[in-house]
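What follows is a set of notes on a single structure, which appears directly below.
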Amino acid sequence: MERLKGAIIVGFLRLFSSLPFAVAQRLGAAVGWLMWKLPNRSREVVRTNLRHCMPELSTAELEDLVGRTMLDTGRSFAESACAWMWKPQKTVSLIKEVEGLEVLQAALANGRGIVGITSHLGNWEVLNHWYCSQCSPVIFYRPPKQKAVDELLKKQRVQLGNKVAPSTREGIISVMREVRKGGAVGIPADPEPALKSGVFVPFFAVQALTSKFVPNLLKGNDAQAIYLHCLRLPDNGGFKVVVEAAPEALYSDDADAAVASMSKTIESYVRRWPSQYMWSMKRFKKRPPGEKKWY
């Protein structure tokens, strides 16, 4: 069954990538609209997450954001299909603006290790190609359940000479080695970790279990951290990459304070582009002791 699911997903990816980008994007948005209007698990996860994270929204405001989120989720799927199947240079050409490029260039020039931090905001697959066009990072990722999809992504994500590292013991070690030798890595900081690997810190109006991996990676290393995100432009005609140096709080010896700083920074980005965040992710599956489960 998993093999069949993988084949179906890969087939849809190839279909979307064969279309002109604007058509693929509109088709993705149409799929997102249907997911908003028809009962499905993803829509309910989005509603649950937004209801807890943004309690200040009225019922109408909440539903409007749910709708915009589902449309952007559909767009992200279509865009990612293109990014996976196209030549990287074609994907990179969709990036029309870069804010903070000098931050990355300065980090590369000083020869220290670079920890590039991102989240499931905007389109991280387009970001991956852009980041890899600037340097040769090791990209840390959580493998999908379908083997066919994982094999495809491992192949497509290394087209620019970079490497990938799955979220396994071996992958973690390879990321640590790369940073220690002065190389660059890319890490999504918002997937929910195992309880022993994270701490509960504020994210919007709730406590969220957040990984300690990035602060631990920075501790004891002469490495530098930067935030990278790739946001969809208002006209849906391309993307804007935003690069920012991490605040000093991320380098704190207090692990909880460092993780809280990372969460706060990611929240600040999501608040600026709320519908482009992957609210369909079960980000809050694990709850603090005594708190009722959300899903």
Side-chain angles (χ1 to χ4, degrees), residues 1-36 38 40-43 45-46 67-96 118-133 139-160 162 164 166 186 188 190-191 228-241 273 275-281:
M1 181 58 71
E2 288 302 316
R3 185 178 299 176
L4 177 60
K5 287 181 180 178
I8 292 172
I9 292 172
V10 171
F12 271 108
L13 294 175
R14 295 191 186 282
L15 171 63
F16 275 97
S17 67
S18 68
L19 301 171
F21 178 72
V23 175
Q25 202 180 48
R26 286 196 292 271
L27 182 57
V31 172
W33 185 86
L34 287 174
M35 291 179 68
W36 176 32
L38 301 176
N40 62 87
R41 186 179 303 174
S42 293
R43 183 188 68 178
V45 171
V46 171
R68 290 188 287 116
T69 296
M70 298 309 294
L71 264 65
D72 275 341
T73 298
R75 291 186 182 102
S76 291
F77 176 84
E79 295 159 356
S80 295
C82 294
W84 287 326
M85 298 299 180
W86 290 355
K87 293 294 184 182
Q89 294 78 7
K90 185 176 180 180
T91 301
V92 173
S93 71
L94 295 172
I95 296 170
K96 309 301 182 184
T118 191
S119 68
H120 287 81
L121 173 69
N123 197 302
W124 48 95
E125 297 298 341
V126 177
L127 176 67
N128 175 64
H129 283 317
W130 181 85
Y131 188 30
C132 294
S133 74
I139 301 299
F140 191 65
Y141 79 106
R142 181 174 292 182
K145 294 180 181 179
Q146 290 76 27
K147 184 178 179 181
V149 179
D150 187 31
E151 289 176 349
L152 171 68
L153 298 191
K154 283 192 291 187
K155 177 183 177 182
Q156 298 303 104
R157 284 173 168 168
V158 298
Q159 295 180 78
L160 289 168
N162 59 293
V164 293
D190 57 343
L228 307 106
H229 286 91
C230 180
L231 293 314
R232 190 174 301 105
L233 293 172
D235 64 356
N236 298 321
F239 301 91
K240 173 182 180 178
V241 169
W273 295 278
S275 70
Q276 294 195 40
Y277 190 61
M278 197 170 81
W279 291 107
S280 57
M281 175 172 58

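Note that the structure is predicted; figures quoted are calculated from it, not measured. For the numbers below, each heavy atom of this structure counts, side chains included, while hydrogens, waters and symmetry mates do not.
Of the inter-residue distances, the one linking H129 atom NE2 with N162 atom CG reads 9.0 Å to the nearest 0.5 angstrom. In this structure, the separation between OG on S80 and CZ on F16 is 11.0 Å, given to the nearest 0.5 Å. To the nearest 0.5 Å, atom CD of residue E79 and atom CH2 of residue W124 are 10.0 Å apart. The distance from the OG atom of S17 to the NZ atom of K90 is 8.5 Å, given to the nearest 0.5 Å. In this structure, CD in Q276 is found 10.5 Å from NE2 in H229, a value given to the nearest 0.5 Å. Distance CE/M70 to CH2/W33: 12.5 Å, rounded to 0.5 Å.
Two residues are said to be in side-chain contact when any heavy atoms from C-beta on lie closer than 4.5 Å; W273 and L121 meet this criterion. In this structure, F21 and C82 have side chains that are in contact, with non-hydrogen atoms separated by less than 4.5 Å. Between V45 and W279, the closest side-chain pair of non-hydrogen atoms is not below 4.5 Å. The closest side-chain heavy-atom distance from I139 to Y131 is below 4.5 Å. Contact annotation: the side chain of M278 never approaches that of S76 to less than 4.5 Å [non-hydrogen atoms, C-beta and beyond]. Put simply, the side chain of W130 reaches to within 4.5 Å of the side chain of L228, judged on heavy atoms.
Heavy-atom minimum distance, S280 versus T73: OG-CG2, 4.4 Å. Taking all atoms of both residues into account, the shortest heavy-atom contact from L127 to C230 is CB-CB, 3.6 Å. Here the closest heavy-atom approach between residue N236 and residue Q25 is recorded as O-OE1, 2.7 Å. When all heavy atoms of R232 and D72 are compared, the closest pair comes out as NH1-OD1, 3.1 Å.
Summarising the local packing, NZ of K96 is surrounded by more than 12 heavy atoms from other residues, nucleotides or ligands at distances under 6.0 Å.
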*Starting from the C-alpha separation in whole Å, work towards a yes-or-no answer on side-chain contact (heavy atoms from CB on, under 4.5 Å) for L160 and Q89.*
CA-CA 9 Å; L160 289 168; Q89 294 78 7; 4.0 Å; yes

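Between the side chain of N40 and the backbone N or O of M35 there is at least one donor-acceptor pair closer than 3.5 Å.
Side-chain N/O atoms of Y277 and D190 include a donor and acceptor closer than 3.5 Å.
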